[in-house]
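Below is one structure, written out as structure tokens, with a few remarks after it.
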Protein chains: 2
Amino acid sequence: MTESSARTAEESAPAAPSGVPDAFDVFARSCPSRTTLEHVTGRWGGLTLGALHEDTLRFNQLRRRVDGVSEKMLSQTLHALERDGLVVRDARPGNPPHVEYRLTPLGAEVSTRLLGLITLLEDRMPEVLAARETYDGRGGK
Amino acid sequence: MTESSARTAEESAPAAPSGVPDAFDVFARSCPSRTTLEHVTGRWGGLTLGALHEDTLRFNQLRRRVDGVSEKMLSQTLHALERDGLVVRDARPGNPPHVEYRLTPLGAEVSTRLLGLITLLEDRMPEVLAARETYDGRGGK
DNA sequence: CAGAATCCCAAGCGATACTG
DNA sequence: CAGTATCGCTTGGGATTCTG
């Protein structure tokens, strides 16, 4: 991820009276929080965190759980999440190799929020589906 | 942790002949909930919903708020969200044209969850940044 | 202002093959 | 099992132009 930030996140933060450091603002294009949000909500990031919320899992277990992910993308996703401090890679020596992935405390908080969102959506899918039909039915399509 | 292993919902065929209430499972590749999740957590979907959580906004206000989005992508994102029943497009006739976007009740619930996630991340960014440095420092890169 | 349509490059991603 | 490396298709999405 080419993060060529010559100047780091500075959006016109108005009067910060005290020595309060500029808050991170995900709406600002170059705020580092934006890339983390993208890792978390990206195509595979959210599902990966969701899967790990339930259990510590090994690489191939994860692959099976997150239906449709390729090895490459899972590996890549895991690296990004590990780098951001949301996931820990726990490798134990031996043969065959044994590696487990687990959430950090922060990762657990994030995945809790994410799972709340996922559950909400799953619950309300009938509404969504109905809306789509209405939309497609008249001039929408 | 919510319900641990109560998810035996392994269905490959979302369509059940009789009124079987097969649950939507976002982990399944072809579940319709997956596409909605992607609209919501996609690159611009989350930020758009987040922006609309605060206010009803017009197209160009939205564009300014969601820093970095192009007209095309905003338009596209808005359509997807409208189709899924999360956003309402409220157009009033006149010249110049006046169009507002507003969340539906479901959209408001979703954006509340999303905003919780965003806020959490913004708050904990120092942790994330520290993790990145550690990771990059010792051979991770 | 609000948005549709077109063009087009770069990034995303899957398939495959290879390593330890 | 747990990955990395390479290749090439597909897509995302920015820039630009055009309508009402």
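Just so it is clear, the values below take in all heavy atoms, side chains as well, and ignore hydrogens, waters and symmetry mates. Chain naming here is simple, since letters A, B, ... match the order of the sequence lines and numbering starts at 1 in each.
For the pair A:Q61 CD and D:dC1 P, the computed distance is 10 Å after rounding to whole Å. If you take CZ of B:R29 and P of C:dC13, they are 15 Å apart, rounded to a whole angstrom. Atom pair B:W44:CH2 and D:dG13:P shows a separation of 8 Å (rounding to whole Å applied). Spacing between atom CG of B:L57 and atom C1' of C:dC1 amounts to 15 Å, rounded to whole angstrom units. At whole-Å resolution of the value, CZ in A:R63 and P in D:dG3 are 12 Å apart. Rounded to an integer number of Å, the gap from CG of A:D67 to P of C:dG14 is 12 Å. D:dG3 atom C1' lies 18 Å from atom CZ of A:R92, rounded to whole Å. Rounded to an integer number of Å, the gap from CD of B:Q76 to C1' of C:dA2 is 16 Å.
With contacts defined as side-chain heavy-atom distances shorter than 4.5 Å, the pair A:R113/B:R113 does not qualify.
Formation of a donor-acceptor pair under 3.5 Å by the B:T134 side chain with backbone atoms of B:A130 is found in this model.
The pair B:R83-A:D136 meets the salt-bridge criterion, since a charged nitrogen lies less than 4.0 angstrom from a carboxylate oxygen. Using a 4.0 Å cut-off between charged nitrogen and carboxylate oxygen, A:R65 and A:E54 count as a salt-bridge pair.
With the nearest nucleotide of DNA chain C identified for both B:R64 and A:M73, B:R64 has the one nearer the 5' end. The 5' end of DNA chain C is approached more closely, in terms of each residue's nearest nucleotide, by B:V99 than by the other of A:R43 and B:V99.
Among the heavy atoms of the strands lying under 4.0 Å from A:R89 are primed sugar atoms or P, OP1, OP2 only; no base atom is included. Within the 4.0 angstrom heavy-atom criterion, only backbone atoms of the sugar-phosphate kind lie near A:G68; the bases stay farther away.
Neither OP1 nor OP2 of C:dA2 sits under 4.0 Å from any side-chain N or O of B:S75. In this structure, A:Y101 does not reach the D:dC1 phosphate: none of its side-chain N or O atoms is under 4.0 Å from OP1 or OP2. Dashed line: the shortest gap from a side-chain N or O of B:R58 to OP1 or OP2 of C:dC1 is not under 4.0 Å.
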So which protein N/O to nucleotides 16-20 of chain D N/O distances come out below 3.5 Å?
none

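The side chain of B:H79 lies closest to C:dA4 when the candidates are D:dG14, D:dC1, C:dA4.
Residues in residues 118-127 of chain B take part in these side-chain hydrogen bond (donor to acceptor under 3.5 Å, both in side chains) pairs, two or more places apart or across chains: A:E109-B:R124, B:R124-B:E127.
For the pair A:V110 and A:V40, the tightest heavy-atom approach, listed with the atom from each and the gap, is CG1-CG1, 3.7 Å.
In the hydrophobic clustering of ILVMFWY residues, with side-chain heavy atoms under 4.5 Å counting as a link, B:V99 and B:V88 come out apart.
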